[in-house]
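Take a look at the structure set out below.
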Amino acid sequence: MTNPLYDRLFAPLAARERALLHLADGGTVTGRAFLAMVHRAAHALVACGVGPGDRVAVQVAKTPGALAVYGAAVAVGAIFLPLNTAYTAAEVDYFVGNATPKLLLADPKGEAALAPVAARHGARLLTLDAQGAGSFADLAAGQPDSFAVAPRSPDDLAAFLYTSGTTGRSKGAMLTHGNLLSNAETLAQVWRFTEADVQLHALPIFHTHGLFVGTNIALLTGGEMIFLPGFDLDTMLRLMPRATTMMGVPTFYTRLLDDPRFTRDLAAHMRLFISGSAPLLAETHVAFEARTGHRILERYGMTETNMNTSNPYDGDRRAGTVGPALPGVEVVVTDPATGTPLPPGEIGMVEVRGPNVFKGYWQMPEKTAEELRANGFFITGDLGRFDADGYLTIVGRQKDLIITGGFNVYPKEIELILDDQPGVLESAVVGVPHPDFGEAVVAVIVPKPGQTPDLAAIEAALGAHLARFKQPKALVLAEALPRNTMGKVQKTELRAAHAARFAR
Ligand code: AMP
């Protein structure tokens, strides 16, 4: 009997007396104790009627118990469907209606609002809170510590992760055992993870980064995790000396750098800092190296494909790039209109093929057909450019591309110049409707704390660097950029905020 993910990630825990999880309060959970939690949770799932192929939707705080539900879903042969804890009941209603899970696991605080949602779509509703208590925990507590694991094949589905859905409805990306395992194996190898590693884990486990990259690698390689409910600067600084690796979104790095307590000494014990999920500013890369001596390793991936490219472990980690394709993953840059591969240096659509690429969107065959070619290449929606050495640079999402007066403008080209100007902390460039040009370029600029950038000087600097059609028609100061929990700038919000700026 085999179950690819269970056999590789969870079964080895049976023999492990060492810690798997270190908690913020100093507590630990050994590998063996965690596996018993997984098994009890698996029995609880079965008691709720969950069987192979059924969905288990989970919107709960990040705790060992929540992670055990992931293992339990794998053991039962079910499909794990984690949901962002920030989603409202109305949003959860869409996911539950779309995925029709047998069980919806929620925080007790959300129980009243979610009861009608679960009832409407025929799901059982149970609870698990941030301390690990709730009706699901009660059900699991009385269950046996061992479980007869359901057989699965590499092609069977293991998880649905819903895309963030900035354009249209969120789509359920169907990920198989083979997708997840192949990527974890590749990453563990190229990033040299071993059982000696202790990963400082502050990412959420409802997203591919924290769940499949962070957790799967640690489980696969027998490492330990300092498993934190979220990013809290004091806790990060306190626990970093006990870690060897950290995975973070770019905001983790800027927040660490903003604090003078984050020193070279504090990071001396670390082996590797990895960044992804949003672009890391070259400036952050440089500042981080100056402070700590570490060059952050930036990689690129997404919900539908897991990870695709990575800067090298040995060799040149180039700021502003996401590195070459991972072993076994094909990455090409194509002409968005024709799909023909483009030579290095030219900007086009990033397409990806490999064992990491998902099976399609749940119950959306037409969306799947639009984005997943018959030859297996997934059209990512990201625009990028290879350099002559095979390093990929992401220049933005295609939907963020601005077409003004018939010309293409890549926001990143302008953002990079803006970010270099005196007094500018960061920037975001968007296109908004314009009666003459179709779209007009608008730049939103966030000043460095306590500074007031000189907008006239910035305009002059842009004029010196950029063709006229690329120059913003408006420069706007803002206190901060709207970001989601993964640190991604929400350009849709910015476009909406400035939509009427040029209306006649
Ligand atoms: P998600 O599906 O939420 O993981 O978002 C995936 C998207 O995040 C990708 O399609 C990219 O647009 C963006 N992304 C991920 N990693 C990077 C990176 N290192 N640099 C730039 N964009 C990134």
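The shown structure was predicted, so the numbers you read here are calculated from the model rather than taken from an experiment. Indexing begins at 1, ligand by ligand and atom by atom, following the structure's order.
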Would you kindly specify which portion of [X] sits under 4.0 Å from ligand 1, judged on non-hydrogen atoms: side chain, backbone, both or neither?
| X | answer |
| --- | --- |
| S275 | neither |
| E298 | side chain |
| P279 | both |

task = Sort out for me which residue in F206, F95, W362 forms a ring pair (Phe, Tyr, Trp, His ring centres under 6.0 Å) with Y162.
result =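 It is F95; the other options fail the test.
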request  = Could you grab the distance from atom CZ of F212 to atom CD1 of I205, nearest 0.5 Å is fine?
outcome  =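 Atom-to-atom, F212:CZ and I205:CD1 are 10.0 Å apart.
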inquiry  = Quick check on R299 - does any of its heavy atoms sit under 4.0 Å from an atom of ligand 1?
reply    =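 It does, in that a heavy atom of R299 comes within the 4.0 Å cut-off of ligand 1.
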key: M486 near ligand 1 by a heavy-atom separation under 4.0 Å   =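 M486 does not count as a contact of ligand 1 under the 4.0 Å cut-off.
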Which residue and heavy atom of the protein sit nearest [atom], plus the separation:
| atom | answer |
| --- | --- |
| atom 8 (O) of ligand 1 | K488 NZ, 3.0 Å |
| atom 9 (C) of ligand 1 | D382 OD2, 3.3 Å |
| atom 13 (C) of ligand 1 | S277 O, 3.8 Å |

ask   = Is the shortest heavy-atom distance from the side chain of L256 to the side chain of L237 under 4.5 Å?
value =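 Yes, their side chains come closer than 4.5 Å.
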query = Do V56 and K102 touch side chain to side chain, with heavy atoms closer than 4.5 Å?
reply =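 No, every pair of side-chain atoms sits at 4.5 Å or beyond.
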Residues forming a side-chain contact (heavy atoms from CB on, under 4.5 Å) with D197, sequence neighbours excluded =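 Partners of D197 by the side-chain contact (heavy atoms from CB on, under 4.5 Å) criterion, ordered by chain and then number, come out as F193, T194, T244, T245, R271.
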task = Report yes if some N/O of T380 lies less than 3.5 Å from some N/O of ligand 1; otherwise report no.
result =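 No, since none of the N or O atoms of T380 sits under 3.5 Å from an N or O of ligand 1.
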ask   = Any N or O of R397 that comes nearer than 3.5 Å to an N or O of ligand 1?
value =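 It does: an N or O of R397 is found under 3.5 Å from an N or O of ligand 1.
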request  = Assert yes or no for the condition that the ring centre distance of W191 to Y313 is strictly below 6.0 Å.
outcome  =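 Distance test on ring centres: not under 6.0 Å, no.
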ask   = Who's closest to atom 15 (C) of ligand 1 heavy-atom-wise, of G384, G301, A173, G276?
value =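 Nearest option to atom 15 (C) of ligand 1, by heavy atoms: G301.
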Pair up each side-chain donor or acceptor in residues 336-351 with any protein partner under 3.5 Å, not counting sequence neighbours, and list the distances.
unit_1	atom_1	unit_2	atom_2	d
T338	OG1	T340	N	3.2
T338	OG1	T340	OG1	2.8
E351	OE1	R373	NE	2.8
E351	OE2	T334	OG1	2.7
E351	OE2	R373	NE	3.4
E351	OE2	R373	NH2	2.8

ask   = Taking the six-membered ring for Trp, are F288 and F273 parallel (under 30°), tilted (30 to 60°) or perpendicular (over 60°)?
value =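 Perpendicular.
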inquiry  = Just checking K109: does its NZ atom have more than 12 heavy atoms from other residues, nucleotides or ligands closer to it than 6.0 angstrom?
reply    =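 Counting neighbours around NZ of K109, 12 or fewer heavy atoms of other residues, nucleotides or ligands fall under 6.0 Å, so no.
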So if I count the atoms of ligand 1 from 1 in the order they appear, which ones are less than 4.0 Å from some heavy atom of [X]?
| X | value |
| --- | --- |
| T303 | 1 (P), 2 (O), 3 (O), 4 (O) |
| V322 | 18 (C), 19 (N), 20 (N) |
| H207 | 1 (P), 3 (O), 4 (O) |

